[in-house]
Amino acid sequence: MLNHLPLHPPRSTAGTLPVQVAVVGAGVAGAACAHTLAASGANVTVFDKSRGVGGRLSTRRTVWMDASGQERPVQFDHGASDFSAHSLAFRAVVQRGLDEGWIGRWSPTPSAVDAPFEHLVPMTGMPELCRALLGTQDVVTGEPVTGLHRVPGGWQIERDSGLWPQRFDQVVLALPPAQAAALLRPHADGWADAAARVPMEACWTLMAVTDTPPGPAFDVLHPCRGPLARIVRNDRKPGRQEIPGHAVWVAQASAAWSAHHRDDSPAAVSEALRDALRAVINPGGAVRWCHSTVHRWLYARPAHTPLGGPGCWWDAAKGLGVCGDFLLGPQVEAAFLSGLDLAQAMSSTPSPRRSAGSGAARFARM
Ligand SMILES: Cc1cc2nc3c(=O)[nH]c(=O)nc-3n(C[C@H](O)[C@H](O)[C@H](O)COP(=O)(O)OP(=O)(O)OC[C@H]3O[C@@H](n4cnc5c(N)ncnc54)[C@H](O)[C@@H]3O)c2cc1C
């Protein structure tokens, strides 16, 4: 587990016992919140519907068949491709990763792309950042949380397989806004409405292996026309395996194109995006597709950066909190800071001013 960040222990409704917290969502916001709460002495259990942690910091591993019929492994970072770190709090985590070697610096060419930010990449796959934050905490994966129930002294968590046996003093929702809204509805109507109103952009993403195309190699391109907004040579990122004679691509469609084709079939989207990728990497020529598949992110990023709103929502009276990128901005770092903000709010002394039903509060970061 990463070095503990200095924090006051959150108060338990049970007096001297450590506070029991359920964090729903093991993306970077949930992982940052859980990490910070655990560092301050809380007992945290993290729930995620996916098989693993990371959320939109995700890496898909699969195999493809080469020309000789041999199965070859390949990985695609099909959510966030990299991130940057500007705040002191996130830099501290990143520096630890750089020192220990599980985060690498990526210098994509052409170098003017996305300058002047540093591009940071977890070496073994994007979820590594969340795994490092979560350390040895209890993480329950593979089933969505379908309901929250207020019970005497706290909360119970419901999943399809039934009620989780443990009661929690406090619950954190670290989810995209539509999913948070569904769970908030019975308990915090105003928050549910506010979350449901946040527009999220969809993103169709193509993952492909081709023969190495002719022309100069590049790491990232942002085509200015056509369906694709960003093309990444995934195999040229730090820690990823290059395959001689081949190229591994992650190509994201633009928000406008993804919205227009939101409900198209994966086969139709794959054909359109492969055609668009071919036109960029071998204009006028052909491309040999060794493997390709598409993924649709329904909730890829918040459409707008929130202007001056709270970075998290915390109701001390109910013991209910919300964090995630939709409250601070469409980046990994913003999601991290939202989770950190919430953990800090939870560990502050509850005050009547802050604990009113609409009492969303933003707290200073370290
Ligand atoms: C295609 C794409 C490209 C991006 N590129 C970049 C980039 O280059 N740089 C950058 O900084 N950011 C990028 N982003 C944005 C960045 O990935 C997100 O802002 C950030 O990861 C959001 O983290 P989060 O914790 O708020 O949400 P999430 O990562 O979405 O985490 C929410 C978690 O909740 C889980 N969950 C949902 N519902 C339930 C439920 N009912 N019960 C239990 N668990 C549930 C999900 O499985 C998920 O793990 C990109 C995003 C996408 C999709």
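All ligand and atom numbering here is 1-based and tracks the order in the structure.
- Of all atoms in ligand 1, numbered sequentially from 1 with element shown, those under 4.0 Å from a heavy atom of G27 are 25 (O), 29 (O), 31 (O), 33 (C), 49 (O).
- In the model, H295 has a side-chain atom that pairs as donor or acceptor with a side-chain atom of R60 under 3.5 Å.
- Close contacts of ligand 1 with A29, meaning ligand atoms under 4.0 Å from a residue heavy atom, involve 25 (O), 26 (O).
- Heavy atoms from both the backbone and the side chain of S81 come within less than 4.0 Å of ligand 1.
- Taking the six-membered ring for Trp and the full ring otherwise, F90 and F83 have centroids separated by under 6.0 Å.
- For atom 37 (C) of ligand 1, the closest non-hydrogen atom on the protein side is L175 CD2, 3.6 Å.
- Heavy-atom proximity to S50, at under 4.0 Å, picks out these atoms of ligand 1: 47 (O).
- Not one N or O of E143 is nearer than 3.5 Å to an N or O of ligand 1, by distance alone.
- For atom 53 (C) of ligand 1, the nearest non-hydrogen atom from the set A300, A229, A180, G25 comes from A300.
- Side-chain atoms of E143 and S161 form a donor-acceptor pair, as typed in the model, at a separation below 3.5 Å.
- The distance criterion of under 3.5 Å between nitrogen or oxygen atoms is met by V332 with respect to ligand 1.
- Across C130, G329, P330, P144, heavy-atom proximity to atom 15 (C) of ligand 1 is greatest for P330.
- A salt bridge is defined here as a Lys NZ or Arg NE, NH1 or NH2 lying under 4.0 Å from an Asp or Glu carboxylate O, and R278 with D275 meets this definition.
- When non-hydrogen atoms are compared, ligand 1 lies under 4.0 Å from neither the backbone nor the side chain of V53.
- A cation-pi arrangement, defined by a distance under 6.0 Å to the six-membered ring centre and an angle within 45 degrees of its axis, is present between R233 and W249.
- Within ligand 1, counting atoms from 1 as listed, the ones closer than 4.0 Å to a heavy atom of V24 are 42 (N), 43 (C).
- When T141, V250, V28, D48 are checked for heavy-atom proximity to atom 48 (C) of ligand 1, D48 turns out nearest.
- For the 3.5 Å distance criterion, the side chains of H86 and S84 qualify, holding a donor opposite an acceptor.
- Inclusion of C203 in the set of residues having an N or O under 3.5 Å from an N or O of ligand 1 is not warranted.
- The local environment of CZ in R150 is crowded, with over 12 non-hydrogen atoms from other residues, nucleotides or ligands closer than 6.0 Å.
- Near G324, the atoms of ligand 1 lying under 4.0 angstrom from a non-hydrogen atom of the residue are 26 (O).
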After noting the C-alpha distance and the side-chain angles of D66 and R72, does the key distance pass the salt bridge (charged side-chain N to carboxylate O under 4.0 Å, His left out) rule?
CA-CA 7 Å; D66 70 12; R72 304 271 212 115; 3.0 Å; yes
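- Nearest-heavy-atom check against atom 4 (C) of ligand 1 across R301, R56, H119 picks out R301.
- For atom 41 (N) of ligand 1, the nearest protein heavy atom (residue, atom name, distance) is V145 O, 3.1 Å.
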Where do E118 and R105 land on the salt bridge (charged side-chain N to carboxylate O under 4.0 Å, His left out) test, with the steps shown first?
CA-CA 7 Å; E118 199 173 30; R105 286 193 179 89; 2.4 Å; yes
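- Summary of contacts: the protein heavy atom closest to atom 9 (N) of ligand 1 is D82 O, 2.9 Å.
- A salt bridge does not link R197 to D193: none of the charged nitrogens lies less than 4.0 Å from a carboxylate oxygen.
- Nearest-heavy-atom check against atom 32 (C) of ligand 1 across G55, A174, A253 picks out A174.
- The protein heavy atom nearest to atom 14 (N) of ligand 1 is A80 CB, 3.8 Å.
- A side-chain donor from one of Q75 and R61 sits under 3.5 Å from a side-chain acceptor of the other.
- The nearest heavy-atom contact from the protein to atom 26 (O) of ligand 1 is D325 N, 3.0 Å.
- Note: no N/O pair closer than 3.5 Å links E333 and ligand 1 by distance alone.
- For the pair D77 and K237, the salt-bridge criterion is met [side-chain N within less than 4.0 Å of a carboxylate O].
- For ligand 1, the polar-atom distance check finds an N/O of K49 within less than 3.5 Å of one of the ligand's N/O atoms.
- A cation-pi arrangement is absent between R167 and W155, since the terminal nitrogen or guanidinium carbon is not both under 6.0 Å from the aromatic centre and inside a 45° cone about the axis.
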